[in-house]
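I have placed the structure first, in the form of structure tokens, so that the comments after it can refer back to it.
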2 protein chains.
Amino acid sequence: MPAKRQPAPTTAEHAPLELEHFLPYRLSILSNTISQAIADDYQRRYDISVTEWRVMAVLARFDGLSAREVAERTAMDKVAVSRALARLVAGGRVSRAIHNNDKRRSVLGLTEAGWAMHDEVAPMARAREREVLAKLDAEERAWLERILDKLTPVKQE
Amino acid sequence: MPAKRQPAPTTAEHAPLELEHFLPYRLSILSNTISQAIADDYQRRYDISVTEWRVMAVLARFDGLSAREVAERTAMDKVAVSRALARLVAGGRVSRAIHNNDKRRSVLGLTEAGWAMHDEVAPMARAREREVLAKLDAEERAWLERILDKLTPVKQE
DNA sequence: ACGTTATAGTTTCATATGAAACCATTTGCA
DNA sequence: TGCAAATGGTTTCATATGAAACTATAACGT
């Protein structure tokens, strides 16, 4: 080895992080893998991004939300929501009206086409989720549920 | 409400996805929240990105890797690694030599400055991880460990 | 009423990212 | 050997993203 060697040996004294066991890293990998697998299902078919799908999913549950409320519920920032909505409205999947008492706010909802797409994608997404969860037994699934509840305070209705 | 109403009521027949209980969504939120919290610690201070830090963490553990091997171990694509390395080498945190028997390959390692930074950031990262895990009790932590093992096959040495 | 401050949403700009094309070197094999 | 295919790595180009600036409307205090 001619190249200059490490100034210090890669040993315990430096206590290097073991990425394979580092929670944030593992969560990141897992999350990306799963989300991508699901996205692959619908992105080609419907030409829609993950953020757009999330907006649609939220509007399917909560009809008439404003853009800001969508941002809250999807944990996306308002710029991302604004852009997703622009595409969704242009694509005829989301309808946008102006709020009666507040002309700044929009009143959003799925269109018929939006519902049609939703009704095809939602079962696919759920099926993928089941595939992942199938790797766990019932007890593990219950613990996962409980652990996620503790780590991520869920925003309730 | 004068604006055109939903073509269909938001009821059970459409079975909308409940994002708050949808595993991929929750993992995504959790992962981003945690990674960002850690990144906030070092990004300002050291002007370094998450991808760059991951490359450094891997080189701290496995000295002399090639860029491709770094990509494998960080689950990043090779373009991202190439760019991260360019910045790290320019910043004097990573050394790059050419492999003796294969002039295409680089032989990477942390420099003294790289080690110095690593030795400050690694404990911070671990501390943040502990903060998150502190929300769980010992039993839950054990289950989480086990569940992650089952869901994400770890690449071993 | 009227100006100040806050809020909803969009646009701009600068940076991050990934796919595909690219260059250099090595490997496989006729 | 010598040439096609594979591999390591970088660059290019097109798209995604977020912070900050901006526009329009509403709320608040006087």
Side-chain angles (χ1 to χ4, degrees), chain A residues 3 28-29 31-33 35-37 39-40 42-44 47-55 58-59 62 64-91 94-109, chain B residues 3 28-29 31-33 35-37 39-40 42-44 47-55 58-59 62 64-91 94-109:
Chain A
S28 164
I29 302 287
S31 167
N32 290 341
T33 306
S35 286
Q36 200 47 56
D40 286 347
Y42 57 76
Q43 282 186 335
R44 283 173 184 279
D47 181 32
I48 204 170
S49 71
V50 175
T51 61
E52 282 158 42
W53 167 246
R54 283 197 182 156
V55 168
V58 153
L59 290 178
F62 305 99
L65 292 186
S66 69
R68 190 187 56 72
E69 291 166 327
V70 169
E72 267 177 19
R73 296 216 169 255
T74 52
M76 292 162 51
D77 78 73
K78 64 179 186 167
V79 177
V81 170
S82 172
R83 284 196 265 244
L85 284 172
R87 281 207 31 157
L88 290 168
V89 170
V94 166
S95 66
R96 169 157 48 190
I98 289 174
H99 192 280
N100 275 58
N101 306 325
D102 183 346
K103 288 176 197 154
R104 295 168 305 177
R105 290 169 68 171
S106 40
V107 178
L108 303 160
Chain B
S28 164
I29 302 287
S31 167
N32 290 341
T33 307
S35 286
Q36 201 47 54
D40 286 347
Y42 57 75
Q43 282 186 336
R44 282 173 186 276
D47 181 33
I48 205 169
S49 71
V50 175
T51 61
E52 282 159 41
W53 167 246
R54 280 193 184 159
V55 168
V58 153
L59 290 178
F62 305 100
L65 292 186
S66 70
R68 190 188 55 72
E69 291 167 327
V70 168
E72 267 177 19
R73 296 217 170 257
T74 52
M76 294 162 51
D77 78 73
K78 64 180 187 168
V79 177
V81 170
S82 172
R83 283 196 266 244
L85 283 172
R87 282 207 28 155
L88 289 169
V89 170
V94 166
S95 65
R96 170 157 49 189
I98 290 173
H99 192 281
N100 274 58
N101 306 325
D102 185 344
K103 289 176 196 155
R104 294 168 307 179
R105 291 170 69 169
S106 41
V107 178
L108 304 161

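The structure presented is a predicted model; accordingly, all values stated were derived computationally and were not measured. Residue numbering restarts at 1 for every chain, and letters A, B, ... go by the order of the sequence lines.
- Looking at S95(A), its side chain does come within 3.5 Å of a backbone N or O of G109(A) through a donor-acceptor pair.
- Of the inter-residue distances, the one linking S66(A) atom OG with E72(A) atom CD reads 8.0 Å to the nearest 0.5 angstrom.
- Across the protein-nucleic acid pair, L108(A) atom CG and dA8(C) atom P stand 13 Å apart, rounded to whole Å.
- Among E69(A), R68(A), M76(A), the one residue that satisfies the side-chain contact (heavy atoms from CB on, under 4.5 Å) test with V81(A) is M76(A).
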Practice task
Could you check E52(B) against Q43(B) for side chain to side chain contact (heavy atoms under 4.5 Å, CB included), going step by step and ending with a plain yes or no?
Solution key: CA-CA 10 Å; E52(B) 282 159 41; Q43(B) 282 186 336; over 6 Å; no
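- Rounded to an integer number of Å, the gap from H99(A) NE2 to dG9(C) C1' is 15 Å.
- Close to dG9(D), at under 4.0 Å from its OP1 or OP2, lies no side-chain N or O of S82(B).
- Here R54(A) contributes atom CZ and R73(A) contributes atom CZ; the two are 15.0 Å apart, rounded to the nearest 0.5 Å.
- Atom CG in L108(B) sits 11.0 Å away from atom NE2 in H99(B) (nearest 0.5 Å).
- Separating the CZ atom in R87(A) from the OG1 atom in T51(A) is a distance of 8.5 Å, to the nearest 0.5 Å.
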When you compare the protein's N or O atoms with those of nucleotides 15-17 of chain D, which come within less than 3.5 Å of each other, and at what distance?
none

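- Close to dT10(D), at under 4.0 Å from its OP1 or OP2, lies no side-chain N or O of R68(B).
- In this entry the distance linking CG of N101(B) with C1' of dT26(C) reads 12 Å, nearest Å.
- In this structure, S106(A) does not reach the dA8(C) phosphate: none of its side-chain N or O atoms is under 4.0 Å from OP1 or OP2.
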Pairs: protein N or O with nucleotides 22-25 of chain D N or O, under 3.5 Å:
residue : atom : partner : partner atom : Å
dT25(D) : O2   : R104(A) : NH1          : 3.3

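- Put simply, CZ on R44(A) is 12 Å from C1' on dA19(C), counting in whole angstrom units.
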